[in-house]
Amino acid sequence: MKLAILSESPADEAALRVLVEYVLGAPFVRVQAALRARGWPSVEQVLPSILRHLHFNTEADGLVVVVDSDDSPVHSAEHEAPGYFHPLCRICRLRAVFRRTLKNLPPAHGRQRVLRAVGLAVPAVEAWYLCGRDTSVTEAAWVAGQAVGRAPYSRRELKWRVYGTERPSLPHEIRRAVQEVSRHHGDLRRLENDFPQGFGSLARDLRGWQKNRAAEVAPSGPGA
Ligand SMILES: [Zn+2]
């Protein structure tokens, strides 16, 4: 499988590479996205060009996009209702960009469209890195804090807990990110349990790719 990863920094992308392989259960070939993004809203702005580039100029099967939620609303089960769209939710917004951009593209490179996997790190990717090590850091804790207007921890604190500094060098950031996600040794139950929307949505999209693939190869199976 060939896929591209778009996130907020090269360190995030290094960690995502590990997590995506865990979900897919197999290594993949990384396709370059051609453009880089730095944080929100840059990811949303470059996404249409990246999707068109991947569709027409590469053989990428899919694109993985993960952004930090910062202080935006966290995607929830209500947002999954057919036709529903939360204008401030970054998962809803990114999914809408995929839909709008890919809707009218003609098939290319033997496929209809580039598959979508969208995740949301709540409130920042460092929360995922602390999963299983710091039990106070969960999506539920963050959402409960938003409801009463008092955050249980700040993004700055999360950075301290992961890197031992607020401004890590890029090599240190990459090393720590990969170290922490590799701790799960392929078992993502804890991450899906503690981050059911932001990480869960990403994992569900990726598992959908495998089903999509299985459906494509099924007709040539035994007896066909
Ligand atoms: Zn949403």
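Counting starts at 1 for both ligands and their atoms, in listed order.
- No side-chain N or O of E78 forms a donor-acceptor pair with one of H86 less than 3.5 Å apart.
- Residues V31 and F56 are members of one and the same hydrophobic cluster, defined by side-chain heavy-atom contacts under 4.5 angstrom among Ile, Leu, Val, Met, Phe, Trp and Tyr.
- For the Zn ion (ligand 1), the set of protein N/O/S atoms nearer than 2.8 Å consists of H75 ND1, H79 ND1, C89 SG, C92 SG, ordered by chain and number.
- With no hydrogens or angles considered, a side-chain donor-acceptor pair links D134 and S136 at under 3.5 Å.
- Contact check on R111 versus D61 returns no salt bridge, with no Lys/Arg side-chain nitrogen under 4.0 Å from an Asp/Glu carboxylate oxygen.
- Q146 contributes no side-chain N or O that, together with a main-chain N or O of P73, makes up a donor-acceptor pair within less than 3.5 Å.
- In this structure, R17 does not pair ionically with E13, as no charged nitrogen and carboxylate oxygen lie closer than 4.0 Å.
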